[in-house]
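Remember, predicted model here, so these are calculated numbers, not experimental data.
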Amino acid sequence: MKYQPEETRAIQFAEIIQRSIKALAEQFDMPVNSDIEVKLYYDRELLRQRTVPTVRRLFTGWGEADESIKFYSGFEDTERYYPLLMHEFTHHITLKMSNNNLPSWFAEGLAVSYGTYPAEGGTRIDNGMLTKDDVAVTLDWLSKFDNSAATDEAQIASFYHGAGMFVEFLRGAYGQQCIIDILNKAGEKPYNKSILNDKFYIQNQQTLLEAFDAVLGKSLNELSDEYLKWLEEY
């Protein structure tokens with residue numbers, strides 16, 4: 001773990017990191033890399049610049065398959081970092097399993113469903129933070145949403161938690177194994193590097209569609225309709 005001179009709570013963060021890794025080990029056979037590096041930033045703008053400067057807003061954490069976990073450490077309540085680190089370590093695991101062949105919307109949905117929600121004790125609908133209308137979005141809308149350019153907080157919430165609730169739907173309707181199978185199917189393709197690849201998102205979206213068809217025998221539109229019907233009765 002690396003941190004800036006201003007950081008005074010490294011021990012507390014190390015404990016939350018270990019708790020997150022242990023919780024996710026119960027969900028996935030793929031472990032977190034034993035040598036993974038975690039970097040704490042006391043400055044959110046520095047975090048943005050060192051991670052993805054093309055993102056137009058400040059953010060709190062970032063996780064990828066072959067990169068260090070990075071997060072802003074300046075919030076007073078350290079317990080708010082448990083959902084964050086669960087989320088980022090889920091990215092690390094699922095992007096490893098899929099060989100980085102997931103479109104961002106599905107990757108975020110997995111991280112929300114497996115990371116954020118268990119750590120928060122339920123979905124944002126369960127906790128009264130969002131309504132069903134807030135997450136009643138189509139998969140077509142999710143797949144076309146430009147998260148890097150987004151600044152509207154309501155739309156950003158709909159993106160993350162619409163995707164998260166879709167994964168909740170998949171897990172409930174088709175079982176945990178379907179998620180594993182989708183990730184493994186995507187992972188049959190070679191590792192997809194995003195750097196200098198202007199077709200990265202299109203390629204990964206196509207890979208996901210192929211995985212949906214292979215594992216579930218369903219198209220994006222069919223799954224979108226099923227999700228919205230499921231959400232009505234949630």
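- Note on ring orientation: taking the six-membered ring where Trp is involved, the planes of Tyr160 and His87 are tilted (angle from 30° to 60°).
- A donor-acceptor contact shorter than 3.5 Å is absent between the side chain of Ser113 and the backbone of Gly109.
- Taking CG of Leu58 as the start and CG of Leu47 as the end, the distance is 8.5 Å to the nearest 0.5 Å.
- Tyr174 pairs by the ring pair (Phe, Tyr, Trp, His ring centres under 6.0 Å) definition with nothing, not counting sequence neighbours.
- Annotation: side chain of Val112 is not in contact with side chain of Val167 (no heavy-atom distance under 4.5 Å).
- Sequence neighbours left out, the pairs with a member in residues 117-149 that pass ring-ring contact (aromatic ring centres under 6.0 Å, His included) are Tyr117-His161, Trp141-Phe145, Phe145-Phe159.
- Applying the side chain to side chain contact (heavy atoms under 4.5 Å, CB included) criterion to Ser34, with sequence neighbours excluded, gives no partner residue.
- Using a 4.5 Å cut-off on side-chain heavy atoms (C-beta onward), Leu216 and Cys178 make contact.
- Applying the salt bridge (Lys or Arg N to Asp or Glu O under 4.0 Å) definition to pairs two or more places apart or across chains, none involves residues 53-65.
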Steps toward salt bridge (charged side-chain N to carboxylate O under 4.0 Å, His left out) verdict (Asp181, Lys185): CA-CA 6 Å; Asp181 292 344; Lys185 186 65 180 177; over 6 Å; no
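- The other members of the hydrophobic cluster of Ile195, by chain and number, are Leu196 (side-chain heavy atoms under 4.5 Å, ILVMFWY only).
- For Glu88, there are no salt bridge (Lys or Arg N to Asp or Glu O under 4.0 Å) partners two or more places apart in sequence or in a different chain.
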Salt bridge (charged side-chain N to carboxylate O under 4.0 Å, His left out) evaluation trace for Lys2 with Glu37: CA-CA 8 Å; Lys2 295 182 178 180; Glu37 192 171 61; 3.0 Å; yes
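- Not a single donor-acceptor pair under 3.5 Å links the side chain of Asn147 to the backbone N or O of Trp105.
- Using a cutoff of 4.0 Å between basic side-chain nitrogens and carboxylate oxygens, Lys229 and Asp225 are not scored as salt-bridged.
- Under the 3.5 Å distance criterion, the side-chain polar atoms of Asn204 are left unmatched by any main-chain donor or acceptor of Tyr201.
- In this pair, Phe75 and Tyr72 present their aromatic rings perpendicular. The plane angle is above 60°, beyond the 30 to 60° band.
- The stretch residues 197-212 participates, sequence neighbours left out, in these salt bridge (Lys or Arg N to Asp or Glu O under 4.0 Å) pairs: Lys189-Glu210.
- The aromatic rings of His92 and Phe89 sit perpendicular, their planes meeting at an angle over 60°, well past the 30° parallel limit.
- Between Arg48 and Glu45 there is a salt bridge, since a side-chain N of the basic residue sits under 4.0 Å from a carboxylate O of the acidic one.
- A cation-pi geometry, defined here as NZ or CZ lying under 6.0 Å from the six-membered ring centre and within 45° of its normal, does not hold between Arg44 and Phe71.
- Within 6.0 Å of CG on Leu46 lie more than 12 heavy atoms contributed by other residues, nucleotides or ligands.
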Show me, pair by pair, the donor-acceptor contacts under 3.5 angstrom made by side chains of residues 10-31, not counting sequence neighbours?
from: Arg19; atom 1: NH2; to: Glu79; atom 2: OE1; distance (Å): 3.2
from: Arg19; atom 1: NH2; to: Glu79; atom 2: OE2; distance (Å): 2.9
from: Ser20; atom 1: OG; to: Ile16; atom 2: O; distance (Å): 2.9

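- Residue pairs meeting the salt bridge (Lys or Arg N to Asp or Glu O under 4.0 Å) criterion with at least one member in residues 110-121, sequence neighbours excluded: Glu120-Arg124.
- Sorted by first and then second residue, the side chain to side chain donor-acceptor pair (under 3.5 Å) pairs involving residues 148-158 (not counting sequence neighbours) form an empty list.
- Within the structure, ring-ring contact (aromatic ring centres under 6.0 Å, His included) contacts touching residues 30-65 (residues at least two apart or in different chains) are Phe59-Trp62.
- Among pairs with a residue in residues 204-224, those fulfilling ring-ring contact (aromatic ring centres under 6.0 Å, His included) read Phe106-Phe212, at least two apart in sequence or across chains.
- Side-chain atoms of Ser98 come within 3.5 Å of backbone N or O of Thr94 as a donor-acceptor pair.
- Here the OG-CD distance, from Ser73 to Gln4, works out to 7.0 Å after rounding to the nearest 0.5 Å.
- The hydrophobic clustering, which links ILVMFWY residues whose side-chain heavy atoms are closer than 4.5 Å, places Ile182 and Trp230 together.
- Taken from CE in Met165 to CG in Leu142, the straight-line distance is 12.5 Å, to the nearest 0.5 Å.
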